[in-house]
Protein chains: 4
Amino acid sequence: MKTLQQGADEATAAARDARTKSRRKQLLAAAARLMEERGSQEVSMQSVADAAGVSVGLIYRYFGNKQDLVQAVIVGVLEEFSNRVGAAVTEVEDPVRQIAAAFKGYCEVIDENRDGTILAYRDTKTLDAAGRSAVKELELTTGKLLSKAVLDAADAGLIRPVDYRIFAFQLLMTAHSWALKHWYFSRHFSHEDFIAHHTALALSGVLRPETRSQYSDLLGDLA
Amino acid sequence: MKTLQQGADEATAAARDARTKSRRKQLLAAAARLMEERGSQEVSMQSVADAAGVSVGLIYRYFGNKQDLVQAVIVGVLEEFSNRVGAAVTEVEDPVRQIAAAFKGYCEVIDENRDGTILAYRDTKTLDAAGRSAVKELELTTGKLLSKAVLDAADAGLIRPVDYRIFAFQLLMTAHSWALKHWYFSRHFSHEDFIAHHTALALSGVLRPETRSQYSDLLGDLA
Amino acid sequence: MKTLQQGADEATAAARDARTKSRRKQLLAAAARLMEERGSQEVSMQSVADAAGVSVGLIYRYFGNKQDLVQAVIVGVLEEFSNRVGAAVTEVEDPVRQIAAAFKGYCEVIDENRDGTILAYRDTKTLDAAGRSAVKELELTTGKLLSKAVLDAADAGLIRPVDYRIFAFQLLMTAHSWALKHWYFSRHFSHEDFIAHHTALALSGVLRPETRSQYSDLLGDLA
Amino acid sequence: MKTLQQGADEATAAARDARTKSRRKQLLAAAARLMEERGSQEVSMQSVADAAGVSVGLIYRYFGNKQDLVQAVIVGVLEEFSNRVGAAVTEVEDPVRQIAAAFKGYCEVIDENRDGTILAYRDTKTLDAAGRSAVKELELTTGKLLSKAVLDAADAGLIRPVDYRIFAFQLLMTAHSWALKHWYFSRHFSHEDFIAHHTALALSGVLRPETRSQYSDLLGDLA
DNA sequence: CATGAATGAGTGTTCATTCAT
DNA sequence: GATGAATGAACACTCATTCAT
């Protein structure tokens, strides 16, 4: 049985924990906003503090040093990517349509956080070995969501015998390219068109002739 | 008619010009080496001077400031890319094989300068508007070499009606991905395999059914 | 006559007082350990709190600021010195042997707290005027224990007419030097040898020729 | 034979070298003044720069970091000590009078740089292992000047068989004590008296009975 | 043309101290 | 009494840039 004091201690400990978590989030959000805008190197700890409305010293209670903060921002971005793609995949049954859904989902997350994507590309190099590993791990996790769908489609005999890693990572890179080459693509295509074109192009490369007709809605002009 | 003095002046002017150019190259080479290795932010002007065996002050005679130097390095990298890809394209006749040749050429240049590729991705953002424009322009130039081949193939009725910009930029990005995701691809594929797989995948997506057989050597397992 | 309440108040007041004192001791002990190890400048208030198992804020209830804490640590060290030397002196009768006993006692206390000795030397300067005075006062107190023995020996006609302050402080400094120059002395002498040599040297300088033979046990080779 | 250019190069190189040396001295002097006054920890690099009339950055061209600067200051102090004591010793013949001269010389240097002495005591601990070694080495060097005289005196049969290291280091510590306990000694003694008293006390401890009369001028009241 | 000493604003980081709980 | 989150001034150190020589 708990004494009153223990109950109170637990309550305050829980409250403190909650505050700690929200502080972290607040700092992370401020840092993410600035770093996505300018790149981590151009963001000083002081500017993060200012943006978050706290003092510099406080950041160091939540993140050991700047590199830790940068890593947390990047990991945060990638985690959200992974979560949302996971959700997108599970909403469909047909493996080929799963591929399309995952790709679409990924493209959409990327679009909503283009700056985060670019940040991950630019600043992963500044992390230490552990940080880089963590980032790669997350990317692999996301990649596996796609690989799974590709393997399922292959097992079902719906697609040609393509190397699933080549194909899956190609899709990932394509999604990234919307952020990385936005200056070019956005000049010529809406994001929907970009997704449609690339979905068609990718599937057109792997679908078996006899199954193409089932997916003519995805193939567009390439049907 | 030229006086002797004028002749002498011209001669020295020319000599000076030559010396200026070689100094620039020397500085650029030193800067490129260091920046590709560590990223431009991690390279100090002093370290460039040391690597080039000159004084810091001298760099400022050839490049207005650090950003100028970074820009010159990146532009240098991209120019070499462009030149070498141009050479690769013109060596074949068949438009489809031109596409394959250009892609292969690009991949090879990228492979030989993976660090330069990454540098261009990481540090273009630090340039001013003019610098970024210059870089984009160069990338477009390279892209056009591919686009041209794609359009020719389409005109010849060899491929399906794919958007040539989507397809061409896709090939560029794929080549880049060898550098950008080298940690992943090199784990599973030799560079030759990487090229072969991606060539097959890309062409498989656009070749018309009736022409596929002509290019079965390029399509590999996807033939 | 005391009311029950008053009695209770006194009891709790006494209890509080006791708790206060033990808290002070606990903090002081933690601080002393750390500061003797690393020097006061290298010890943060947070690290003292951690070592004592309390919060930072609590330290400020017992010591106004860091300087107060440092001062209390140093004073504590010196007080212990004084107490222990006092005990050593009173255990002998013969004034000359008192000198030797006091010196030996002091050397032993120093040896047992070499770090404390060094701390007092290093960090007294960081104290304010009041702190420095307090420290000097304590040192004088200790010095007087020796001076007294010296004066007694002089009164008894056992030693030459040496300036007692010069002689007494010399002994103090010699004892300190075991801590201050430990890197040197410990390389060549055990602590017992150190004491023996210095006792002999010091007494040899002041003993009258006619009394030397009584103390040949203390004079060693110098007898 | 030297070309004109080579001659010019050498001239400028020499001039630069001279300027470099004087800059170092200037910075060292400024740093020494401040650090002797307040202790190295209380002196910021900025304050050294200000005192020397230069910018902070410049200090780092001459001293790798703050610790290097502190070490250079302490070493500078000790080197001067050593030099000046060396000069004092060589001016006399009689070994016993050499001891007295060296001690007197040392006391005088200490008196002229009491703050430097204290600095060496306080801040040697903040140096790294290499720095501490360098400092100890210098102290040993100075110690040897005294040891030599002591050994000579022993060889000449002028003094009792005292351990020369104990005796020599005792003299060093005594000289130091003028700086370390200046608050006490200066209250009671002029520096001359301090030297006279301690010379007498030290020699009285080691002189053989039959030689005392030769040095009655040094023994004072203890004669 | 070439040097490199000199500048000084700016960075990441620490830590004594306060105060709401 | 006791906590520890929060503050912010201070620090050591870096580096792009300038300019007298």
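Hydrogens, waters and symmetry mates are skipped; everything else that's a heavy atom, side chains included, is used. A, B, ... follow the sequence lines: proteins, then strands. Residue 1 opens every chain. Predicted, not measured: the structure shown is a model, and the values here were computed from it.
- The one candidate from A/Val77, A/Ile74, A/Leu69, A/Asp115 that meets the side-chain contact (heavy atoms from CB on, under 4.5 Å) condition with A/Met35 is A/Leu69.
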- request: Using the side chain to side chain contact (heavy atoms under 4.5 Å, CB included) rule, take A/Tyr62 and A/Thr20 through it: C-alpha gap first, then chi angles, then the decisive distance, then the call.
  value: CA-CA 8 Å; A/Tyr62 294 90; A/Thr20 289; 3.8 Å; yes

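- Here E/dT14 presents its P atom at 15 Å from CD of A/Gln46, a figure rounded to the nearest Å.
- Here C/Ser40 pairs with C/Asp123 under the side chain to side chain donor-acceptor pair (under 3.5 Å) rule; sequence neighbours left out.
- Between B/Leu138 and B/Glu79, the closest side-chain pair of non-hydrogen atoms falls below 4.5 Å.
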- request: Give the C-alpha distance, both sets of side-chain angles, the deciding distance and a yes or no for side chain to side chain contact (heavy atoms under 4.5 Å, CB included) between A/Glu36 and A/Ile118.
  value: CA-CA 7 Å; A/Glu36 289 172 5; A/Ile118 293 169; over 6 Å; no

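- To the nearest 0.5 Å, atom CG of residue D/Asn65 and atom CD1 of residue D/Ile59 are 11.5 Å apart.
- An OP1 or OP2 oxygen of E/dT7 is reached within less than 4.0 angstrom by a side-chain nitrogen or oxygen of D/Ser55.
- Legend: residues meeting side-chain contact (heavy atoms from CB on, under 4.5 Å) with C/Gln41, ordered by chain and number and at least two apart, are C/Thr126, D/Gln41, D/Glu42.
- Closest approach of D/Ser47 to D/Arg38, counting heavy atoms only: OG-NH1, 4.4 Å.
- Distance CZ (D/Arg23) to C1' (E/dA5): 8 Å, rounded to an integer number of Å.
- The CD1 atom of B/Ile59 sits 14 Å away from the P atom of F/dC15 (whole-angstrom rounding).
- Per the geometry, CG belonging to C/Leu58 stands 17 Å off P belonging to E/dC19, to the nearest Å.
- With A/Phe63 as reference, A/Asp68 is the one residue of A/Asp68, A/Val70, A/Val73 to meet the side-chain contact (heavy atoms from CB on, under 4.5 Å) rule.
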task: Please assess C/Lys66 against C/Val48 for the test side chain to side chain contact (heavy atoms under 4.5 Å, CB included), listing each intermediate value before the final yes or no.
output: CA-CA 10 Å; C/Lys66 188 177 179 180; C/Val48 173; over 6 Å; no

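- Atom CG of D/Leu34 is separated from atom CG of D/Leu119 by 11.0 Å, given to the nearest 0.5 angstrom.
- A side-chain donor-acceptor contact under 3.5 Å links B/Gln26 to the backbone of B/Ala52.
- Of the residues in residues 30-45 of chain D, none lies under 4.0 Å from DNA chain E by heavy-atom distance.
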- request: In sequence, state the C-alpha distance, the side-chain angles, and the governing distance for C/Asp128 and C/Gln71, and then conclude on side chain to side chain contact (heavy atoms under 4.5 Å, CB included).
  value: CA-CA 9 Å; C/Asp128 57 18; C/Gln71 178 171 323; 3.9 Å; yes

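- Listed in residue order, the members of residues 47-54 of chain C having a heavy atom less than 4.0 Å from DNA chain E come to none.
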task: Toss me the dot-bracket line for DNA chain F: Watson-Crick and G-U wobble, both under 3.5 Å, 5' to 3', using | for pairs to another strand and [ ] for crossers.
output: .||||||||||||||||||||

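- For residues 60-73 of chain B, proximity to DNA chain F is found at B/Tyr60, B/Asn65, B/Lys66, defined as any non-hydrogen atom under 4.0 angstrom from a strand atom.
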